[in-house]
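Take a look at the structure set out below.
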Amino acid sequence: MMSNDERKKRRRWPLILVVAVIVMATLAIIWYYIPPQYDAYEWVRVDRTPRTIYRSLEPKNPYVHSRLWFEDKDLNDLNVHQEIVLSSMVLDTVLQQPGIAQLSCLKNETDKADWLRKNLKVHRLGSSGIIEIRISGSDPEALVKIVSAVRAAYVDRVTTIDREMNILCRMQLENERKALDDRIAAAKTEIQDMPEDADGLKALRSELESMEEDYRQKGALHEKLVAEAALPIRVKMINEPSWSPKRVIRWYGK
């Protein structure tokens, strides 16, 4: 005869089986109706060879501040590159590319740029100078198109900033050297017309020496900028855009 404990265990088995079937059925439904998630990503390498930034650009120049924002940004800093990827000037360019705004993950979004900004993940990979652009979702082909478009817009923007910053810095230096040239010529003429014992002659000669030194330094900086204008573009793609399945579906909160 069975003991009471054995009878209780036997009664539990049907309940255990029912619970197991319900759990498995629930998991099957979740797996079927919740689409698997994918990661699409690209890596770019940023050349961190220091580029010259002439901080004396005219601070009230609207072109500088609206398009290039030189005064408080330094492209030699990788953190700035992370900002650029998620900036409006890059994301707006991405959304203007044919077909991007109509992709399955974007077409129903009211603010598409905001959706991109929230879903794109931009990371530095250690101290290697490599930046990863990554996005997750259920449509791997759409994700690859997005990261590819973001990378292209980002590289184009950084290249444009580098080129236009170089041009603006050189123009600024040329204008300052021209103004210095006029002041140096005027100071020399004034010194020639002054007697040796005239008051202020020593101070004027000192000022002239200072202006000539400033002129030489600006000339050296201008030559450096001319040489940097011939450097290769700063950012290079180092892998083709690709996607991979995420290990855990969204239902688990990953």
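We're numbering straight along the sequence, starting at 1. The figures that follow rest on heavy atoms only: side chains count, while hydrogens, waters and symmetry mates do not.
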Could you walk me through whether H81 and R124 pass side-chain contact (heavy atoms from CB on, under 4.5 Å), step by step? CA-CA 10 Å; H81 288 262; R124 295 169 55 181; over 6 Å; no
Evaluation steps, side-chain contact (heavy atoms from CB on, under 4.5 Å), between S87 and R157: CA-CA 10 Å; S87 66; R157 178 52 54 188; 5.6 Å; no
Check step by step if side-chain contact (heavy atoms from CB on, under 4.5 Å) holds for W43 and L125. CA-CA 9 Å; W43 293 346; L125 301 184; 3.7 Å; yes
Determine, stepwise, if the pair E223 / V226 fulfils side-chain contact (heavy atoms from CB on, under 4.5 Å). CA-CA 5 Å; E223 290 178 6; V226 170; 5.6 Å; no
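The closest side-chain heavy-atom distance from K145 to L103 is below 4.5 Å. Contact of the V147 side chain with the Y41 side chain is not registered, since no non-hydrogen atoms from C-beta on lie closer than 4.5 Å. Side-chain contact between E212 and I184: present, with at least one pair of heavy atoms (C-beta onward) separated by less than 4.5 Å. Side-chain contact check for D139 versus C105: every heavy-atom pair is 4.5 Å or farther apart.
Taking CG of L120 as the start and CD of Q82 as the end, the distance is 12.5 Å to the nearest 0.5 Å. Interatomic distance, CG of L201 versus CD of E190, reported as 9.0 Å (0.5 Å rounding). If you take CD on E42 and CZ on R151, they are separated by 4.5 Å, rounding to the nearest 0.5 Å. Separation of atoms CZ (R216) and CZ (R177) is listed at 11.0 Å; rounding is to 0.5 Å. Note that the CD atom of Q172 and the CG atom of L168 stand 8.5 Å from one another [nearest 0.5 Å]. Separating the CD atom in Q192 from the NZ atom in K188 is a distance of 9.0 Å, to the nearest 0.5 Å.
Only one option out of I100, L86, V94 pairs with L116 in a side chain to side chain contact (heavy atoms under 4.5 Å, CB included); it is V94. Evaluated for a side chain to side chain contact (heavy atoms under 4.5 Å, CB included) with I146, the options L106, L95, N119 yield exactly one hit, L106.
Using a distance-only test at 3.5 Å, with no hydrogens or angles considered, a donor-acceptor pair links the side chain of T160 to the main chain of D156. Under a 3.5 Å cut-off, the side chain of T93 and the backbone N or O of M89 do form a donor-acceptor pair. With T189 contributing its side chain and A185 its backbone, the two residues share a donor-acceptor pair below 3.5 Å.
In this structure, V85 and V90 approach most closely via the heavy-atom pair O-CG1, 3.5 Å. Smallest separation of non-hydrogen atoms from A187 and L204: O-CD2, 4.2 Å. Between E109 and K112, the shortest heavy-atom contact is O-NZ, 3.0 Å. Considering every non-hydrogen atom in both A229 and R170, the closest pair reads CB-NH1, 3.7 Å. For the pair S88 and R117, the tightest heavy-atom approach, listed with the atom from each and the gap, is OG-NH2, 3.3 Å. The nearest pair of heavy atoms linking G137 to L143 is N-CD1, 3.3 Å.
Y215 and M171 are assigned to two separate hydrophobic clusters, defined by single-linkage of ILVMFWY side chains at heavy-atom distances under 4.5 Å. No chain of hydrophobic side-chain contacts below 4.5 Å, direct or via other Ile, Leu, Val, Met, Phe, Trp or Tyr residues, connects L173 to I167.
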